[in-house]
S.K.: 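First the structure, then my questions, so here it is.
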Amino acid sequence: MKNSILILFFGLLGYASQAQDVIEVVPSPVTALKDTTYWNSEISAGLNFNQAAFSGNWKSGGVNSVAFGSIISGKANYAKEKISWDNDLEFLFGIVKNEGQGTRKAADRIFLDSKLGYKISDHWGYFTAVNFISQFADGFEYGDNGNDLLISSFLAPGFLTTSLGLEYKPNDEFALRLSPFSPRLTFVTNTEIINNVPNNYGVDPGKKVRGELLAFLVYATWKKQISENFTINSRYQMFGNYETLSFKNIDHRLDVTLVAKITSFIDVTFTSINLYDIDMDPGIQYSQALALGVLYKISNKK
């Protein structure tokens, strides 16, 4: 009996050892990393400071002054197969304080653009987009003896433009949008503006919004890295209302930003806005700024 039990015991041990040899080790599941390769995003933030001081007996003349400027720009672009979604923002603000004068605005811009596209060939596609332009702070026409006139503020004016049409994009640097249908809303939410700007930026007296439903838009962008240390970013918009269409009533706007990198964090930035809009002024308007300061960029692409 004992011999039978021993034989059975050792037989089970042998079977167990053989079974252990064929046990398959199943690896623990690994959580898949989220695919973010379809996104191309970056954001840049810059600060600049300028100061000038002169002694009381400085014979060449001059005015003591302090100036401060800031710029934030960014993009978040998505592309997968035939679908694309491009988003751009640009915030610019600067102030200057000259001796004997109050603080004045030197630069002020809000720009937002979002476009959804569908590719139909190598270089062409359908798109729909929304675009917003305004400024942050009050703007004044400065007069003598402190007689300053308020001529602009946030959403006075402000422009919200939607568009639908075809886009031509031959490469990553240049893009052209052709939109035969591009409604636009012009906002002047500050009712005091009309006292100093009689045409009220095209908005009828007593109203805060002007709608232009039947309109077209041509929108072009060119972003070029000329060298490792020099970049050009330009943007052109042409807008026309079919109901009042004529050469003088077509709006034009050209924005140009040049960035020259001196060190990893020190840059020289030149910004320019060139504008023709008869609802603002019968002449061509322009603003320019040149600044040396710190510019820091974060990107998801190495």
Side-chain angles (χ1 to χ4, degrees), residues 70-73 88-95 104-115 129-143 148-163 177 179 181-221 235-257 271-289:
S70 62
I71 182 171
I72 297 176
S73 63
D88 286 286
L89 69 84
E90 187 174 85
F91 299 150
L92 182 67
F93 190 76
I95 57 175
R104 297 184 175 185
K105 186 169 64 172
D108 192 358
R109 184 193 318 170
I110 299 174
F111 174 86
L112 300 169
D113 185 82
S114 183
K115 175 188 69 70
V130 60
N131 179 283
F132 176 74
I133 298 174
S134 189
Q135 59 276 321
F136 289 101
D138 292 346
F140 295 89
E141 182 179 298
Y142 297 101
D148 303 333
L149 302 178
L150 179 68
I151 57 175
S152 65
S153 61
F154 177 68
L155 283 180
F159 304 95
L160 181 65
T161 308
T162 58
S163 53
R177 303 180 198 172
S179 175
F181 180 68
S182 188
R184 183 172 77 173
L185 297 177
T186 301
F187 300 91
V188 180
T189 57
N190 190 327
T191 56
E192 298 179 11
I193 295 294
I194 196 171
N195 297 327
N196 305 318
V197 184
N199 63 358
N200 206 37
Y201 299 107
V203 178
D204 292 336
K207 295 185 178 180
K208 297 182 178 181
V209 182
R210 175 192 180 189
E212 297 173 272
L213 179 63
L214 300 176
F216 71 89
L217 177 72
V218 176
Y219 182 96
T221 58
R235 181 172 56 240
Y236 169 74
Q237 298 179 71
M238 179 173 68
F239 177 85
N241 186 326
Y242 291 122
E243 296 178 332
T244 59
L245 190 60
S246 67
F247 182 79
K248 69 175 184 178
N249 287 326
I250 296 177
D251 302 340
H252 303 269
R253 179 180 176 124
L254 175 64
D255 294 63
V256 179
T257 301
T271 58
S272 174
I273 302 175
N274 306 274
L275 176 66
Y276 172 78
D277 185 343
I278 198 170
D279 291 323
M280 292 187 178
D281 192 275
I284 297 175
Q285 306 173 62
Y286 72 90
S287 71
Q288 297 177 353

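Treat the numbers as computed from the prediction; the structure is a model and nothing was measured.
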S.K.: Do side-chain atoms of Asp113 reach the backbone of Asp88 as a donor and acceptor pair under 3.5 angstrom?
M.R.: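 No, the answer is negative, given that no donor and acceptor are paired below the 3.5 Å cut-off.
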S.K.: In terms of ring plane angle, is the pair Phe91 and Phe136 parallel, tilted or perpendicular, where the classes change at 30° and 60°?
M.R.: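 Ring orientation, 0 to 90° scale: perpendicular.
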S.K.: Short question: side chain of Thr162, backbone of Ser182 - any donor-acceptor pair under 3.5 Å?
M.R.: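 Judged by distance alone, no pair lies under 3.5 Å.
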S.K.: Show, in sequence, the C-alpha distance, side-chain angles and deciding distance for Thr186 and Glu212, and conclude whether the side-chain contact (heavy atoms from CB on, under 4.5 Å) test is met.
M.R.: CA-CA 8 Å; Thr186 301; Glu212 297 173 272; 4.0 Å; yes
S.K.: Check the surroundings of atom CD in Glu141: do more than 12 heavy atoms from other residues, nucleotides or ligands lie under 6.0 Å from it?
M.R.: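 Open.
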S.K.: Is the shortest side-chain N to carboxylate O distance from Asp255 to Arg109 below 4.0 Å?
M.R.: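 A salt bridge links Asp255 with Arg109.
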S.K.: Would you say that Thr257 contacts Glu90 through its side chain, given a criterion of any heavy-atom pair below 4.5 Å between the two side chains?
M.R.: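 Thr257 reaches Glu90 side chain to side chain.
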S.K.: Evaluate whether atom CD of Glu192 has more than 12 neighbouring non-hydrogen atoms of other residues, nucleotides or ligands under 6.0 angstrom away.
M.R.: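 Atom CD in Glu192 is not packed in, count stays at 12 or less.
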S.K.: Any salt bridge between Asp148 and Arg104, counting N to O under 4.0 Å?
M.R.: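 A salt bridge is absent here (no side-chain N lies under 4.0 Å from a carboxylate O).
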S.K.: Okay, side chain of Asn190, backbone of Ser153: is any donor-acceptor separation there less than 3.5 Å?
M.R.: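 Answer holds: no.
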S.K.: Measure the acute angle between the ring planes of His252 and Tyr276, then classify it against the limits of 30° and 60° as parallel, tilted or perpendicular.
M.R.: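 Tilted, since the angle between the ring planes falls between 30° and 60°.
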S.K.: To the nearest 0.5 Å, what is the distance between CD1 (Ile151) and CG (Asp281)?
M.R.: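 One finds 10.0 Å between CD1 of Ile151 and CG of Asp281.
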S.K.: Is any side-chain heavy atom of Pro205 closer than 4.5 Å to one of Ile194?
M.R.: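 Contact flag for Ile194/Pro205 side chains = yes.
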S.K.: Is there a donor-acceptor pair closer than 3.5 Å between any side-chain N or O of Glu243 and the backbone N or O of Ala215?
M.R.: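 No, because the side chain of Glu243 does not come within donor-acceptor range (under 3.5 Å) of the backbone of Ala215.
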S.K.: Taking 4.0 angstrom as the limit, do Asp279 and Arg210 come out as a salt bridge?
M.R.: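 Yes.
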S.K.: Should we count NZ of Lys105 as having more than 12 external heavy atoms under 6.0 Å?
M.R.: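 More than 12 heavy atoms, drawn from other residues, nucleotides or ligands, come within 6.0 Å of this atom.
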S.K.: Just wondering, do Met280 and Tyr201 contact through their side chains at under 4.5 Å, heavy atoms?
M.R.: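 A side-chain contact under 4.5 Å exists here.
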S.K.: Which distance, rounded to the nearest 0.5 Å, do you find between the CG of Leu245 and the CG of Leu214?
M.R.: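 Leu245 atom CG to Leu214 atom CG measures 11.5 Å (nearest 0.5 Å).
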S.K.: Does a side-chain heavy-atom distance below 4.5 Å link Met238 with Phe216?
M.R.: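 A side-chain contact under 4.5 Å exists here.
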S.K.: Is the shortest heavy-atom distance from the side chain of Arg235 to the side chain of Tyr219 under 4.5 Å?
M.R.: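 Side-chain contact under 4.5 Å: yes.
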S.K.: Taking Ser134 for its side chain and Leu155 for its backbone only, find out whether a donor-acceptor pair lies under 3.5 Å.
M.R.: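 Yes; at least one donor-acceptor contact below 3.5 Å.
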S.K.: Below 4.5 Å, heavy atoms only, C-beta onward: do Val209 and Val203 meet side chain to side chain?
M.R.: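 Result no, sub-4.5 Å side-chain heavy-atom pair not found.
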